[in-house]
2 protein chains.
Amino acid sequence: MNHTSQEELLNGLSRVSAEMPADETLYELADLFRVFGDTTRIKILCALSVSDLCVADIAALLSMNQSAISHQLRVLKQARLVRVARRGRSSIYGLDDDHVRTIFEQGFRHVRHIAPGEEKTHA
Amino acid sequence: MNHTSQEELLNGLSRVSAEMPADETLYELADLFRVFGDTTRIKILCALSVSDLCVADIAALLSMNQSAISHQLRVLKQARLVRVARRGRSSIYGLDDDHVRTIFEQGFRHVRHIAPGEEKTHA
DNA sequence: TGAATATATGAGCAGATGTTCATATATTCA
DNA sequence: TGAATATATGAACATCTGCTCATATATTCA
């Protein structure tokens with residue numbers, strides 16, 4: 001490895017380094033995706049994309065402990081992925097905004113090997 | 001809770017249940033997002049979105065152990081998020097397809113509170 | 001108010017995950 | 001071929017995560 005190529009390397013890395021978003025942004029990004037990275041939470045989000053639901057309904061739907069669902073809903077709420085509205089003694093949860101659907105959609109496309117721009121196929 | 005509302009509830013849950021994708025799809029989806037859910041991997045993907053890089057360069061860029069980077073690249077490769085091309089004794093890694101950029105983009109939008117359709121603002 | 005119902009929360013535990021260290025496996029070049 | 005270089009991989013360890021159990025906190029209604 002001669003001097004010139006090492007200089008080029010350093011310049012190249014500096015350029016990459018300069019184009020990287022701030023570390024804090026990258027942490028936030030990883031935090032967001034980490035929330036999507038669990039089957040239980042994915043199922044909850046998927047269910048809520050069909051209909052708003054109370055905690056007990058979600059638990060019944062996933063055949064899971066009420067406590068487990070409640071804990072996960074808290075994680076989802078902290079990530080601003082779901083919102084909650086109290087109605088009587090129930091808490092009705094729903095998706096917080098459309099980012100969730102869009103992020104989902106891209107995930108599906110990757111899993112199903114569909115190019116980002118390409119037409120959506122069903123099932 | 002009377003009989004009618006309980007019946008409605010069951011019907012509602014059945015409907016939600018029917019609209020949910022297959023469990024296996026949801027597992028794959030969670031697996032995909034789990035890969036995005038780590039700061040080191042996010043940084044690697046971010047760097048590769050700027051330029052293809054060899055292992056040593058990525059390690060230098062992130063001030064991290066070569067072994068740690070190599071382990072993470074394997075995870076990224078298994079998820080089909082990066083591809084590798086051997087050039088001499090180096091392995092040059094790059095993003096595998098455009099899903100990565102698109103998923104990133106949506107993540108950024110969420111973190112920065114930009115609506116999915118809305119115009120992109122810089123930095 | 002008090003019983004019943006719905007949800008939230010804290011502690012504890014088992015399993016998963018990311019890093020490091022040591023070392024194995026290419027690949028180049030003298 | 002053998003030394004040097006670049007990457008890959010296995011084992012070990014500390015940390016993180018998600019679930020369960022027990023229990024606390026609303027909220028409704030008789």
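Numbered from 1 within each chain, the chains take letters A, B, ... in sequence-line order.
Taking atom CG on B:Asp57 and atom P on D:dT5, their separation rounds to 16 Å, with Å as the unit. With rounding to whole Å, A:Ile92 atom CD1 is found 11 Å from C:dA6 atom P. Atom CD1 in A:Ile58 sits about 9 Å away from atom P in C:dA8, given to the nearest Å.
With sequence neighbours excluded, the residues forming a side-chain hydrogen bond (donor to acceptor under 3.5 Å, both in side chains) with B:Arg101 are B:Asp98, listed by chain and number. With sequence neighbours excluded, the residues that form a side-chain hydrogen bond (donor to acceptor under 3.5 Å, both in side chains) with B:Glu19 are B:Arg15. Looking at residues two or more places apart in sequence or on another chain, you find a side chain to side chain contact (heavy atoms under 4.5 Å, CB included) between B:Ala79 and B:Val35, B:Leu81. Partners of B:Arg80 by side chain to side chain contact (heavy atoms under 4.5 Å, CB included), not counting sequence neighbours, listed by chain and number: A:His110, A:His113, B:Asp96. Qualifying side-chain hydrogen bond (donor to acceptor under 3.5 Å, both in side chains) partners for B:Asn65, counting only residues two or more places apart in sequence or in other chains: none. Every residue two or more places apart in sequence or in another chain that forms a side chain to side chain contact (heavy atoms under 4.5 Å, CB included) with B:Ala59 is listed here: B:Ile69. Evaluation of the salt bridge (Lys or Arg N to Asp or Glu O under 4.0 Å) rule for A:Arg74 yields no partner, not counting sequence neighbours.
In this model, the phosphate group of C:dT7 is approached by a side-chain N or O of A:Ser90 to a distance below 4.0 Å at OP1 or OP2. Under 4.0 angstrom from either OP1 or OP2 of C:dA6 there lies no side-chain N or O belonging to A:Tyr93.
Here A:Ser70 lies in heavy-atom contact (under 4.0 Å) with a base.
Sorted by first and then second residue, the salt bridge (Lys or Arg N to Asp or Glu O under 4.0 Å) pairs with a member in residues 31-40 of chain A read A:Asp31-A:Arg34; sequence neighbours excluded. For residues 40-56 of chain A, the pairs satisfying salt bridge (Lys or Arg N to Asp or Glu O under 4.0 Å) are A:Lys43-B:Asp23, A:Asp52-A:Arg83, with sequence neighbours left out.
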Can you check nucleotides 25-30 of chain D for protein contacts, nitrogen or oxygen pairs under 3.5 Å, and list what you find?
none

Any protein N or O atoms within reach of nucleotides 12-22 of chain C? Criterion: under 3.5 Å, listing atom names and distances.
unit_1	atom_1	unit_2	atom_2	d
C:dG18	OP1	B:Arg41	NH1	3.1
C:dG18	OP1	B:Arg41	NH2	2.8
C:dG18	OP2	B:Arg41	NH1	3.2
C:dT19	OP1	B:Thr40	OG1	2.6
C:dT19	OP2	B:Gln72	NE2	2.7
C:dT20	O4	B:His71	NE2	3.4
C:dC21	N4	B:Ser67	OG	2.6

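Distance NZ/A:Lys77 to OG/A:Ser70: 8.5 Å, rounded to 0.5 Å.
Side chain of B:Ser49 to main chain of B:Cys46: a donor-acceptor pair is present (N/O by atom type, distance under 3.5 Å, no hydrogens or angles).
With the end axes of the helix from C:dT1-D:dA30 to C:dA30-D:dT1 each set by five pairs, the angle from one to the other reads 20° at 10° resolution.
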